[in-house]
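Remember, predicted model here, so these are calculated numbers, not experimental data. We number each residue from 1, following the sequence as shown.
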Amino acid sequence: MAENITGVGALSRRDFLTGSVVAAAGAAMLGVAAVEPATAAETRSGNWAADGSAAVTAEPSAATNATAADGTYREHNASSFPADDATPIPPRALPARWDYECDICVVGAGGGGLNAAARAVQLGADVICVEAMGLPGGNAQEAGMCGILGGYSGQEEKKFAFPSYPFDPKALTDWAMDEYHYAADPKLIYRLACEGGKSLDWMADCGVHWRLGEVPVYVAPKRSTLDHHVLKMKDATDAMYNYGYAHGVDFHFQSPAVALVQDDGGRIVGVVVNEDYETERYIRADRAVILTAGGFCNNKALLDKYIPTAAMGCASSYLTAGERGECFRMGLGVGADVSGFNSSASFDGGVDWQAEGGTWARFLYDGMTQLSRQPWLTIDRCGNRLRYMDSRVAEDGANAIYALGDLATIQMTPPGHRSYIVFDANYEDHLAGFAQEHCRKLLTPDLEQIEKVPEHYRDWHHGVQDAIDADVLKRRDTLEELERDLGLAEGVLTGAVARWNDACERGEDDFLYPMPAEWLHPIVEPPFYGCRIGGNLYGTKAGLLINDQMQVVGTDGRVIPGLYAGWHTAGGACGENSYIGDPILGSLMGDVGLAFCGGYLCGTFAVENEINGGQA
């Protein structure tokens, strides 16, 4: 296995294969000439293997079923994760001198950080924004859409709002609180309901060109296709970077934050960064520090401690940029409380690469991930059929989007927390008939704006072949061999296939949630293929406790002076104990919309509270 490089600027497209962020293959693709990326050799910050080697030791396949023989949870291979540390990061004392000074320091230049920096500088603050990678955009640039349940101006023409039109943030809050089983902070949900649409309209004023989706619960940049979800939001993050840069935000790339600075009175007054991955620098933030560096999808220890359902049920993460939880741990180090315990957001079809010695975090449009998300015969380890959730828009509008998360829950919760897909040698003949949409649609070289995608992934066959070569997608001459090597008991797979083939021969599924007749394809032609899957984690919803003005709150119930956090460093956007963070793929705005809105709110309140001298 190739070594992984995390927190970097410009990487080769083959680096993407190992789970690193592509950062879109260079500054030219982003159109941000102000940033000069360093070479990979200059920006390495660690390998995936715990001992620093390029290789990861994994047990033989048959011994790595999701759950041990006694029914207990078999842990992930920690060496496949970028991080495995849940300890708080303590703050630093005041330095003898500061290297840089500003009013507000924003940590992270992804969707949330770019918005926080742009909003703060727009309101008159002197802003420094630090970023571990070599380019802006973070994970947000890989997203496909902003979900929005009402309040965005573009929805007025279609007279759309949840739970009914005209838009009423109080009604939306009541509806959402019921969806969250009343486990969320209603003030925070109400703030999100009130400001979500406004934040998108504000981004439009800053230069983002939105268009409403064919299902009016989402928006995407105008230049992007609406029938696919490949790196659409890169247009939005580019625009917000350009706005911030043009208005004076001082961006420091390849400068990961390593600690907060706290004075004797308990106020957060700065950040320590590792500039160019070589030299510690102290940045004084006279008024506030805003933590917007994402969550901890790629930190095994934090998942185990704060989101056990994701630790058990997810087989992979598709957030390839960061997500190691350093900012969350910095907040813990200054006494912050935690909100959103055991809540996360996942898509279906997380492929169990790490069980075979592969990496945990992988590009969403990896061909194997796309193949795993199709309506194949899917069973649990007892041989029981599992329901498939259709994502064809024509079938049922918004429910087609919900299907992406609902199927994740189905695949995460069987005994052993893994599901198993199986198909035969004729699988390519069936893909067009499945006609899955949104981010399940397979990449082909003729797709509009395919140049945004690393070359290796522009044809989905490449990722599938990688999985076959790694024995992640198991290709066997007999079903009995496949059954054994998936770690299933004798007769479990063969019996399930026999029942499936009987239904195919009848042309009518007898399952409780039957497949459409056009999807009934018998499994008869060798070689046979099978793969373990679970959730594909894309958002941790546990994070630092914040109030409705995005201020971080300590375990004593009081605001930590000078410290703000946006999602997903903050938690609580969907309450506790949520598998997929509904109501619409992660929150009232989806995950990337949540980050955008959180950054906007952080920038607004940091200036209003800390510079203008009053509560907004």
Heavy atoms, side chains only, cut-off 4.5 Å: are [X] and [Y] in contact?
X      : Y      : result
Gln370 : Gln436 : no
Thr237 : Pro136 : no
Trp519 : Phe434 : yes
Pro256 : Glu326 : no
Arg329 : Leu302 : yes
Met368 : Cys531 : yes
Asp366 : Tyr457 : yes
His438 : Leu404 : yes

Working to the nearest 0.5 Å, report the span between [atom1] of [X] and [atom2] of [Y].
X      : Y      : atom1 : atom2 : result
Asn501 : Leu377 : CG    : CG    : 8.5 Å
Met589 : Cys146 : CE    : SG    : 5.5 Å
Leu488 : Asp380 : CG    : CG    : 9.0 Å
Arg458 : Tyr365 : CZ    : OH    : 15.0 Å
Thr540 : Phe296 : OG1   : CZ    : 4.5 Å
Asp466 : Leu473 : CG    : CG    : 11.0 Å

Selection residues 486-500 - residue pairs positive for salt bridge (charged side-chain N to carboxylate O under 4.0 Å, His left out), sequence neighbours left out =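 Of all non-adjacent pairs touching residues 486-500, none passes salt bridge (charged side-chain N to carboxylate O under 4.0 Å, His left out).
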Asp469: what forms a side chain to side chain donor-acceptor pair (under 3.5 Å) with it, not counting sequence neighbours?
-> Gln465
Which is it for His76 and Asp304 under the side-chain contact (heavy atoms from CB on, under 4.5 Å) test, yes or no, and what are the steps along the way?
-> CA-CA 10 Å; His76 289 95; Asp304 286 342; 5.6 Å; no
Residue pair [X] / [Y]: nearest heavy atoms and the distance that separates them:
X      : Y      : answer
Ile533 : Ser372 : CG2-CB, 4.1 Å
Leu319 : Ala361 : O-CB, 3.8 Å
Ala140 : Gly111 : CB-N, 3.5 Å
Pro221 : Asp235 : CB-CB, 3.7 Å
Leu482 : Gly530 : CD1-N, 3.6 Å
Met412 : Gly535 : CG-N, 3.4 Å

Output yes when [X] and [Y] qualify as a salt bridge under the 4.0 Å nitrogen-oxygen rule, no when they do not.
X      : Y      : value
Asp502 : Arg506 : no
Arg385 : Asp509 : yes
Asp390 : Arg440 : no
Glu481 : Lys474 : no
Asp471 : Arg476 : yes

Given 3.5 Å as the limit, does a donor-acceptor pair link the side chain of [X] with the main chain of [Y], or not?
X      : Y      : answer
His568 : Glu323 : no
Ser578 : Ser343 : no
Glu483 : Val492 : yes
Glu356 : Gly358 : no
Asn298 : Arg324 : no
Thr569 : Gly294 : yes
Asp424 : Glu525 : yes
Asp352 : Val472 : no
Glu480 : Thr478 : no
Arg381 : Arg418 : no

Would Thr309 and Ile307 count as a side-chain contact (heavy atoms from CB on, under 4.5 Å) if you check the C-alpha gap in whole Å, the side-chain angles of each, and the deciding distance to 0.1 Å?
-> CA-CA 6 Å; Thr309 51; Ile307 316 180; 4.1 Å; yes
More than 12 foreign heavy atoms under 6.0 Å from CD of Glu508: is that the case here?
->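 No, not enclosed.
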ring-ring contact (aromatic ring centres under 6.0 Å, His included) against [X], all qualifying residues, sequence neighbours excluded:
X      : value
Tyr427 : Phe423, Tyr529
Phe528 : none
Tyr306 : Phe328

Aromatic plane relationship, Phe81 with Trp360 - under 30° parallel, 30 to 60° tilted, over 60° perpendicular = parallel
Any idea how His430 and His521 line up, ring-wise: parallel (<30°), tilted (30 to 60°), or perpendicular (>60°)?
->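 Answer is parallel, since the angle falls under 30°.
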side-chain contact (heavy atoms from CB on, under 4.5 Å) evaluation trace for Asn299 with Leu303 = CA-CA 6 Å; Asn299 185 316; Leu303 290 175; 5.8 Å; no
Check step by step if side-chain contact (heavy atoms from CB on, under 4.5 Å) holds for Trp500 and Ile523.
-> CA-CA 8 Å; Trp500 170 258; Ile523 300 171; 3.8 Å; yes
What residue pairs, at least two apart or across chains, pass ring pair (Phe, Tyr, Trp, His ring centres under 6.0 Å) with a residue in residues 458-479?
-> His456-His462
Check against side chain to side chain donor-acceptor pair (under 3.5 Å), Glu142 and Thr320 = CA-CA 9 Å; Glu142 296 184 30; Thr320 55; 2.9 Å; yes
Do we see a donor-acceptor contact under 3.5 Å between the side chains of Asn139 and Gln141?
-> no
